Amino acid sequence: MFLTILNYNRGYRVMLSQALCKTSRSYTTLQLFYLMKKKGFVHSVCSYTALIYGFCREGMQDNVFQWLDFMQNNGCKPNVITYMIIVKFLFDNGKFKEAMNFVSKMERERCNPDLLTYNVILRELFHRDRLDDISELIQVMDQKGLSPDSYSYAALCGGLLKIGKVGDACELLLDIFSNGAADVAVYNIYFQCLCQENKSREALSQLKRKMKVGFKPNNVSYNTMLSGFCKEKKY
DNA sequence: TTAGGGTTAG
């Protein structure tokens with residue numbers, strides 16, 4: 001089977017990056033990786049990144065950093081995606097300082113953080129209630145000409161909600177809706193805000209109204225409503 | 001070919 005895959009360079013890479021790393025099979029991926037190397041394939045930043053991503057998802061921290069070193073020793077420079085994956089992994093594991101050190105490292109190596117990386121940092125800063133740093137970060141993003149997208153809004157509004165500033169979150173959300181840059185995740189945060197203020201019925205009627213103009217709720221939207229109604233003991 | 005946000009319950 002492997003040999004068949006080896007005959008199709010592109011097919012192999014897709015298999016390596018998509019099929020294996022995303023389904024918690026990093027060990028199998030690793031075997032394939034070595035087999036490919038043995039057969040003379042030169043791995044790209046994408047294959048190394050896919051492998052590192054797999055290790056992050058499985059919480060295999062030692063492997064993450066070993067492979068980061070390994071790729072660099074093999075003359076392959078990590079790119080913004082590689083770094084962002086590692087930064088998020090460190091945040092998710094409570095290693096804030098280490099993550100921020102990686103952000104500085106990115107900048108030093110002229111691998112400038114992009115909107116996705118800033119969104120990850122923004123979310124983490126909110127979770128840590130570091131409002132001064134958030135304001136500074138938003139200024140930096142603005143200076144770099146990075147316009148916020150729906151992920152940025154989710155980080156901002158979700159963060160405000162998480163630290164108990166429901167009113168501010170609602171205000172910001174209504175402002176976002178008037179500019180039309182929201183998607184289902186951002187709307188779900190809005191429904192959550194309403195439910196938190198014991199306005200589950202209003203959340204439901206807004207959901208229905210939105211559906212009439214093409215809005216497609218998902219399981220999170222419905223779960224948010226259900227949770228709101230249960231908390232209010234309406235049913 | 002690689003990446004980021006939102007729900008609950010257990």
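Below, read A as the first sequence line, B as the second, and so on, with proteins coming before strands; counting in each chain starts at 1. Small disclaimer: the values here were computed from a predicted structure and weren't measured.
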Round to the nearest Å and state the distance from A/L51 atom CG to B/dA3 atom P.
13 Å

Rounding to a whole Å, what distance do you find between A/L173:CG and B/dG5:P?
18 Å

Tell me the interatomic distance from A/I189, atom CD1, to B/dG5, atom C1', rounded to whole angstroms.
7 Å

Taken to the nearest whole Å, OH/A/Y83 to C1'/B/dA3 is 15 Å

In whole angstroms, the gap separating P of B/dG5 from CD of A/E124 amounts to 11 Å

Please work out if A/V80 contacts a base, only the sugar-phosphate, or nothing of the nucleic acid, heavy-atom cut-off 4.0 Å.
nothing

Using residues 211-220 of chain A as the side-chain source, report each donor-acceptor pair under 3.5 Å to any protein atom, sequence neighbours left out, with the distance given to one decimal.
from, atom 1, to, atom 2, distance (Å)
A/N218, OD1, A/N188, ND2, 3.3
A/N218, OD1, A/V220, N, 3.1
A/N218, OD1, A/S221, N, 3.1
A/N218, OD1, A/S221, OG, 3.0

Would the A/Y187 and A/F177 ring centres measure less than 6.0 Å apart?
yes

Salt bridge (charged side-chain N to carboxylate O under 4.0 Å, His left out) against A/E136, all qualifying residues, sequence neighbours excluded:
none

Backbone N/O of A/V45 and side chain of A/T49: donor-acceptor pair under 3.5 Å
yes

Please table the atom pairs, donor to acceptor, closer than 3.5 Å between any side-chain atom in residues 157-170 of chain A and protein atoms at least two apart or in another chain.
none

A/E107: which residues meet the salt bridge (charged side-chain N to carboxylate O under 4.0 Å, His left out) condition with it, sequence neighbours left out?
none

Let me have the donor-acceptor pairs involving side chains of residues 59-78 of chain A, under 3.5 Å, with sequence neighbours excluded, atom names and distances please.
from, atom 1, to, atom 2, distance (Å)
A/Q61, OE1, A/K95, NZ, 2.8
A/N73, ND2, A/D69, O, 3.3
A/N74, ND2, A/F70, O, 2.8

Close N or O pairs between protein and nucleotides 7-10 of chain B (under 3.5 Å):
from, atom 1, to, atom 2, distance (Å)
B/dT7, O2, A/N223, ND2, 2.6

Rounded to the nearest angstrom, tell me the gap between atom CD1 in A/I81 and atom C1' in B/dA3.
6 Å

Per A/R123 side chain, nearest of listed nucleotides B/dT2, B/dA3, B/dG5
B/dG5

Under 4.0 Å, heavy atom to any atom of DNA chain B: which of residues 138-161 of chain A qualify?
A/D149, A/S150, A/Y151, A/A154

Salt bridge (charged side-chain N to carboxylate O under 4.0 Å, His left out) filter on A/K88, not counting sequence neighbours, yields A/D92

Mind checking salt bridge (charged side-chain N to carboxylate O under 4.0 Å, His left out) for A/D133 and listing every partner two or more places apart, or none if nothing turns up?
A/R130

To the nearest Å, give me how far apart CZ (A/R57) and C1' (B/dT2) are.
12 Å

Report the distance from atom CZ of A/F55 to atom P of B/dA3, rounded to the nearest whole Å.
15 Å

